[in-house]
Undergrad: 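Would you mind keeping the following structure in view while I ask a few things?
FYI, side chains are in, hydrogens and waters are out, and symmetry mates aren't considered; it's all heavy atoms of this structure.
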Amino acid sequence: MITFEVQDMTCGHCVSSITKAVRAIDQGAQVTADLATHRVRIEPSGSDSTQLSDAIREAGYTPVPIADTEMAVGQAAPRSGCCCR
């Protein structure tokens, strides 16, 4: 999963434009956008993060990579052996 923060993604048209740009280079990519957090999550089927970032940038937006270790909103923290953590 590749995640970008795209602060200039502000409406449904932006989501559509970004989705089309990503799928133009990776037809099988699964794209999920969250307007509230300005995040775009992509499950690529054949592209790397640089190609995806370039596609979003060429569509007129400013993608900022988010480390895979950052958790999505509402996602539970992973457990690491001890029930107290």
Side-chain angles (χ1 to χ4, degrees):
M1 184 71 60
I2 299 169
T3 305
F4 296 102
E5 183 176 68
V6 186
Q7 284 294 323
D8 45 358
M9 177 181 71
T10 59
C11 67
H13 179 265
C14 297
V15 171
S16 178
S17 295
I18 290 170
T19 300
K20 286 179 185 177
V22 168
R23 291 209 177 120
I25 63 157
D26 188 342
Q27 292 179 351
Q30 298 297 315
V31 182
T32 305
D34 184 343
L35 283 172
T37 61
H38 300 278
R39 297 223 173 157
V40 177
R41 297 186 71 185
I42 304 167
E43 182 68 45
S45 67
S47 302
D48 63 28
S49 62
T50 301
Q51 293 170 315
L52 296 169
S53 178
D54 289 347
I56 294 169
R57 193 169 285 106
E58 287 175 22
Y61 299 91
T62 312
V64 176
I66 302 295
D68 289 337
T69 58
E70 287 193 32
M71 296 188 357
V73 174
Q75 184 177 0
R79 295 197 140 191
S80 58
C82 178
C83 65
C84 298
R85 291 181 188 217

Undergrad: Just to verify, what does S17 make a side-chain contact (heavy atoms from CB on, under 4.5 Å) with, not counting sequence neighbours?
TA: H13, Y61

Undergrad: According to salt bridge (Lys or Arg N to Asp or Glu O under 4.0 Å), does anything in residues 43-56 pair up with another residue at least two apart or in another chain? List the pairs.
TA: D54-R57

Undergrad: L35: which residues meet the side-chain contact (heavy atoms from CB on, under 4.5 Å) condition with it, sequence neighbours left out?
TA: M9, V15

Undergrad: How many angstroms lie between atom CD1 of I2 and atom CD of Q51, to the nearest 0.5 angstrom?
TA: 9.0 Å

Undergrad: Do L52 and F4 have side-chain heavy atoms sitting under 4.5 Å apart?
TA: yes

Undergrad: Run the side-chain hydrogen bond (donor to acceptor under 3.5 Å, both in side chains) test against S45 and tell me which residues pass, sequence neighbours left out.
TA: D26

Undergrad: Rounded to the nearest 0.5 Å, how far apart are CD1 of I56 and SG of C14?
TA: 12.0 Å

Undergrad: Can you list every pair that meets salt bridge (Lys or Arg N to Asp or Glu O under 4.0 Å) and has a residue in residues 5-23, with sequence neighbours left out?
TA: none

Undergrad: Just verifying a value: how many Å separate T32 OG1 and R41 CZ, rounded to the nearest 0.5 Å?
TA: 7.5 Å

Undergrad: Check the surroundings of atom CD in Q27: do more than 12 heavy atoms from other residues, nucleotides or ligands lie under 6.0 Å from it?
TA: no

